[in-house]
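Take a look at the structure set out below.
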Amino acid sequence: MSVFFPSLEEQLDLITKGAAEILPLEALKERITRSISTGVPMRIKAGFDPTAPDLHLGHTVLIRKLRHFQQLGHVVIFLIGDSTALIGDPTGRNVTRKPLTREEIAANAETYKEQVFKILDPVLTEVRYNSEWLDTLGYYDMVKLMAQFTVSQMLEREDFHKRFNEEQPIALHELIYPIAQGYDSVALKCDVELGGTDQKFNLMRGRDLQKHFGQPQQSILMMPIIEGLDGVQKMSKSLGNAIGIKESPAEMYGKLMSISDELMWKYWVFLTDLRGSEIEQMKADVASGALHPMLAKKNLARVITADFHSEELAEVAAESWATQFQQRGVSEDVPVVRVSWDEDGLVDVLGDLGGGVRMAKLLHFAGLAASTGEATRKIAENAVSINGEKISSRIVSKHQLGDSPILRLGKKSVRVEWVG
RNA sequence: GCACAGGUGGCCGAGCGGUUAAUGGCAGCAGACUGUAAAUCUGCCACUCUUCGAGUUACGGAGGUUCGAAUCCUCCCCUGUGCACCA
């Protein structure tokens, strides 16, 4: 099949947008030029280990870059590392990962597909699993692969090096990870592999192995690792600072609004399709005072939320966010929690209120507090309100609560529906 | 296998026979302040209960010595380092 490709300059413009590093760049240019003249598209791969059921916005930085290649007419391979997930990429880790079962991995892999197709075109994407070639690799071939590297080469990697020096354990199978990832490139005959900047070591191993197998060596394109909500650590579900692709519009919008002003600019660059020059203009406007930073952030939250949901849903999320946080009011758009009157200890039968409700219990059952003890403390800290009214007493009458009260503890609110 | 050094609350890290859910830091949560934030200040940060009080669990695991142990002893598990093994 023959494809018409945009010019080299045009392609490079899109490909290099936001990229942290491209190695070697010259080779990539040659490949692009060749694909233009031959009409044969390049093969671009990015791998993801299905170690968790959800992808988050951090992953989309890479997926967006894949889409850029897709938009240019190249073949994009979304590689699901179901076999490498058995190891778990040790990159940046100071401990060995907990092993996942085959079943967990398979289930995660399924959810990945539907999630990435919010960004990638399903028709034009080649979805592959590395179990396809890794699981069938025999002892002989595995030993041959491992023989390509030495222990000291592996220990060059910063995280292994660090763990080694700090006398932390390094499990043997972790050393195989970069080799397995590198072999993926051989199996797929990749022209380009995408990864985060933290993946450099692994990405380079693909070049090593391709050379060993007499293939042209892939170019590697690294994207920066974006920080999570805290603005300090990389976005990661286990660090609790991530925004998941599948999260509701309200959650997504709210989380985006909670990031710092500084971080907002990175999100504009890596999580939206706005052009660099437009972002610079906006930044200048904020600096000069022409644009309020909060407004810029609201736009960001809306654009991203709409990207994964819809304009309409993003608008609704924006409105209820404004009521809830800006006006500190009671928003209607709040998660509903069902609580039964029969819950153990919820109703105080002995008290003067004749069936008053223990608020600490209620807050706990409603999921706003991790324990009744914590709920008790929060009440004392004046952090709890019912239908927008702060409360300070530990027991509240059923009458005061009403049929479907909105409970709020700090920033979180829920509507309680009584059951039974 | 032998020797040595370690295993403390989400993480890091004090304590090394006895005031105490366990110093301190980070993270987290809440309040004030704001522009939703950030920064700053304050409070909280094992669980349960009828909560100005009481109880129950906690310092790798199991026992033991003590009036009393995270702190001492024994055995076991785990990690690292060195040596040995690789006839």
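Below, chains carry the letters A, B, ... as their sequence lines are ordered, and counting in each starts from 1. No hydrogens, no waters, no symmetry mates; every other heavy atom, side chains included, goes into these values.
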Checklist entry - Which residues within residues 371-382 of chain A lie with some heavy atom under 4.0 Å of an atom in RNA chain B? => result A:Ser371, A:Thr372, A:Gly373, A:Thr376, A:Arg377, A:Lys378, A:Glu381, A:Asn382

Next on the checklist: What residues from residues 284-299 of chain A pass a heavy-atom cutoff of under 4.0 Å to RNA chain B?
Outcome noted: A:His292, A:Pro293, A:Met294, A:Lys297

Separation between the [atom1] atoms of [N] and [M], rounded to whole Å:
N: B:rC26; M: B:rA70; atom1: P; answer: 28 Å
N: B:rC12; M: B:rU51; atom1: P; answer: 38 Å
N: B:rC16; M: B:rU34; atom1: C1'; answer: 48 Å
N: B:rG63; M: B:rA69; atom1: C1'; answer: 14 Å
N: B:rC76; M: B:rG24; atom1: P; answer: 38 Å
N: B:rU71; M: B:rG6; atom1: C1'; answer: 16 Å
N: B:rC59; M: B:rG13; atom1: C1'; answer: 13 Å
N: B:rG35; M: B:rA21; atom1: P; answer: 44 Å

Item to check | Sequence-distant partners of A:Asp307, side-chain contact (heavy atoms from CB on, under 4.5 Å), two or more places apart | outcome: A:Arg64

Without decimals, in angstroms, what is the distance between [X] [atom1] and [N] [atom2]?
X: A:Lys162; N: B:rG80; atom1: NZ; atom2: P; result: 17 Å
X: A:Phe164; N: B:rU79; atom1: CZ; atom2: P; result: 16 Å
X: A:Leu346; N: B:rU48; atom1: CG; atom2: C1'; result: 16 Å
X: A:Lys412; N: B:rC29; atom1: NZ; atom2: C1'; result: 8 Å
X: A:Phe325; N: B:rU34; atom1: CZ; atom2: C1'; result: 15 Å
X: A:Gln233; N: B:rC12; atom1: CD; atom2: P; result: 13 Å
X: A:Asn241; N: B:rA37; atom1: CG; atom2: C1'; result: 16 Å
X: A:Leu409; N: B:rC45; atom1: CG; atom2: C1'; result: 14 Å

Checklist entry - Is A:Lys255 touching bases, backbone alone, or none of the nucleic acid, heavy atoms closer than 4.0 Å? => result nothing

Checklist entry - Would A:Arg415 and A:Ser404 count as a side-chain hydrogen bond (donor to acceptor under 3.5 Å, both in side chains) if you check the C-alpha gap in whole Å, the side-chain angles of each, and the deciding distance to 0.1 Å? => result CA-CA 6 Å; A:Arg415 176 185 292 283; A:Ser404 61; 3.2 Å; yes

Checklist outcome for this item: Taking for A:Asp261 and for A:Lys390 the nucleotide of RNA chain B with the nearest heavy atom, the one nearer the 5' end belongs to A:Lys390

Next on the checklist: Both A:Arg394 and A:Glu262 contact RNA chain B. Taking the nearest nucleotide for each, which residue is further toward the 5' end?
Outcome noted: A:Glu262

Checklist entry - Okay, side chain of A:Lys65, backbone of A:Lys17: is any donor-acceptor separation there less than 3.5 Å? => result yes

Next on the checklist: Strictly distance-based, threshold 3.5 Å: is any side-chain N or O of A:Arg67 a donor or acceptor partner for the main-chain N or O of A:Ile63?
Outcome noted: no

Closest to the [X] side chain, choosing from [options]:
X: A:Ala383; options: B:rU50, B:rG31, B:rU51; answer: B:rG31
X: A:Arg358; options: B:rA37, B:rU50, B:rU81; answer: B:rU50
X: A:Pro169; options: B:rA30, B:rU79, B:rU81; answer: B:rU79

Item to check | Considering all heavy atoms, the nearest A:Ile80-A:Ala109 contact | outcome: CG2-CB, 3.7 Å

Checklist entry - Only one of A:Gln210, A:Arg43, A:Lys45 forms a side chain to side chain donor-acceptor pair (under 3.5 Å) with A:Ser185, so which one is it? => result A:Lys45

Item to check | Worked verdict on A:Gln281 versus A:Asp285 for side-chain hydrogen bond (donor to acceptor under 3.5 Å, both in side chains) | outcome: CA-CA 6 Å; A:Gln281 182 57 50; A:Asp285 287 346; 3.2 Å; yes

Just list the side-chain donor-acceptor pairs under 3.5 Å for residues 386-395 of chain A, sequence neighbours left out, or say none.
residue: A:Asn387; atom: OD1; partner: A:Ile406; partner atom: N; Å: 2.8
residue: A:Lys390; atom: NZ; partner: A:Asn382; partner atom: O; Å: 3.2
residue: A:Ser393; atom: OG; partner: A:Ile395; partner atom: O; Å: 3.4

Checklist entry - Can you list the steps and then say if A:Arg102 with A:Asp135 is a salt bridge (charged side-chain N to carboxylate O under 4.0 Å, His left out)? => result CA-CA 12 Å; A:Arg102 286 276 185 191; A:Asp135 281 14; 3.2 Å; yes

Checklist entry - Can A:Asp82 and A:Tyr112 be said to form a side-chain hydrogen bond (donor to acceptor under 3.5 Å, both in side chains), step by step? => result CA-CA 11 Å; A:Asp82 58 340; A:Tyr112 274 29; over 6 Å; no

Checklist entry - How does RNA chain B look in dot-bracket form if you count Watson-Crick and G-U pairs under 3.5 Å, write [ ] for pairs that cross, and put | where a base pairs with another strand? => result ((((((((.[[[..)..(.....]]].(((((.......))))).((((...))))...[[[[[..)....]]]]])))))))....

Next on the checklist: Under 6.0 Å from the ring centre and within 45 degrees of the ring axis: does the NZ or CZ of A:Arg157 meet both conditions for the six-membered ring of A:Phe160?
Outcome noted: yes

Checklist entry - Do any pairs count as a ring-ring contact (aromatic ring centres under 6.0 Å, His included) and have a residue in residues 395-420 of chain A, sequence neighbours left out, and if so which ones? => result A:Trp341-A:Trp418

Checklist outcome for this item: Output for pair (A:Glu319 CD, A:Glu315 CD), nearest 0.5 Å, gives 5.0 Å

